[in-house]
Amino acid sequence: MNRPESENRDLFAIADLSHEFGISTRAIRFYEAKGLLNPERVGGTRVFRRRDRARLILILRGKRLGFSLRDISDYLSLYDAQSQTAQTKLLVAKVDERLSLLERQKADLETTIGELREIKKLAGERVGA
DNA sequence: ATTCTAACA
DNA sequence: TGTTAGTA
């Protein structure tokens, strides 16, 4: 009983994170190469702390939402220095844009889900399921 | 066994 | 990003 589930640990090896989030170590190194992660180094080995883990969670969420690594990178900057620059405003614009797209897709999905349920219902009655 | 960099797909 | 090679 030694592997305290990540929630309590402080240090993580690249393998720990890749296993926990189901991504390759290559992907993690890739995110670092792109500047999204900055793990410490002990010798030449990467040592991730909770901060890095938290950022990785945000990166993966951003990916699921369809953001590019570039956008996610900018987004991550907000968590560090709350610089209210032109860059930040431009980012807010991108976020609004994505937000609109997601809202539309959400509405479309709900409409489609409703229609499919109706079709299923009618089909079921016809078959007498 | 594990991780690292670099290079090519 | 996956994979492979050659290390430390």
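Since this is a predicted model, take the numbers as computed values, not measurements.
With a cutoff of under 4.0 Å to any heavy atom of chain A, the contacted region of DNA chain C is bounded 5' to 3' by C:dT1 to C:dT3.
Ion pairing of A:D16 with A:R9 is present here, as a side-chain N (NZ or NE/NH1/NH2) and a carboxylate O approach within less than 4.0 Å.
In secondary-structure terms, DNA chain C builds stems of at least 3 consecutive Watson-Crick or G-U pairs, each pair having both distances under 3.5 Å, at B:4-9 with C:1-6.
With a 4.5 Å cut-off on side-chain heavy atoms, A:F67 and A:R98 count as touching.
For the side chain to side chain donor-acceptor pair (under 3.5 Å) test, no residue two or more places apart in sequence or in another chain qualifies with A:R70. Residues that satisfy the salt bridge (charged side-chain N to carboxylate O under 4.0 Å, His left out) test with A:R51, not counting sequence neighbours, are A:D80. Scanning for side-chain contact (heavy atoms from CB on, under 4.5 Å) contacts around A:Q105 gives A:L101, A:L102, with sequence neighbours left out. Remark: A:K94 pairs with A:D71 by the salt bridge (charged side-chain N to carboxylate O under 4.0 Å, His left out) rule, at least two apart or across chains.
Applying the side chain to side chain donor-acceptor pair (under 3.5 Å) definition to pairs two or more places apart or across chains, none involves residues 107-124 of chain A. The side chain to side chain donor-acceptor pair (under 3.5 Å) contacts involving residues 29-44 of chain A comprise A:T25-A:R29, A:E32-A:R41, A:E32-A:R46, A:E40-A:R49, where partners must be two or more places apart or lie in separate chains.
With side-chain heavy atoms closer than 4.5 Å counting as contact, directly or through intermediates, the hydrophobic cluster containing A:V47 also holds A:L11, A:V42.
Note on A:K63: only backbone sugar-phosphate atoms sit closer than 4.0 angstrom, heavy atoms only; bases stay farther off.
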Exercise for review: Give the B/S/- string for nucleotides 4-9 of chain B, one per nucleotide from 5' to 3', where a protein heavy atom under 4.0 Å of the base yields B, of only the sugar-phosphate yields S, and otherwise -.
Suggested key: SB-B--
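Under the 4.5 Å side-chain heavy-atom criterion for Ile, Leu, Val, Met, Phe, Trp and Tyr, A:L69 and A:I57 are members of the same hydrophobic cluster.
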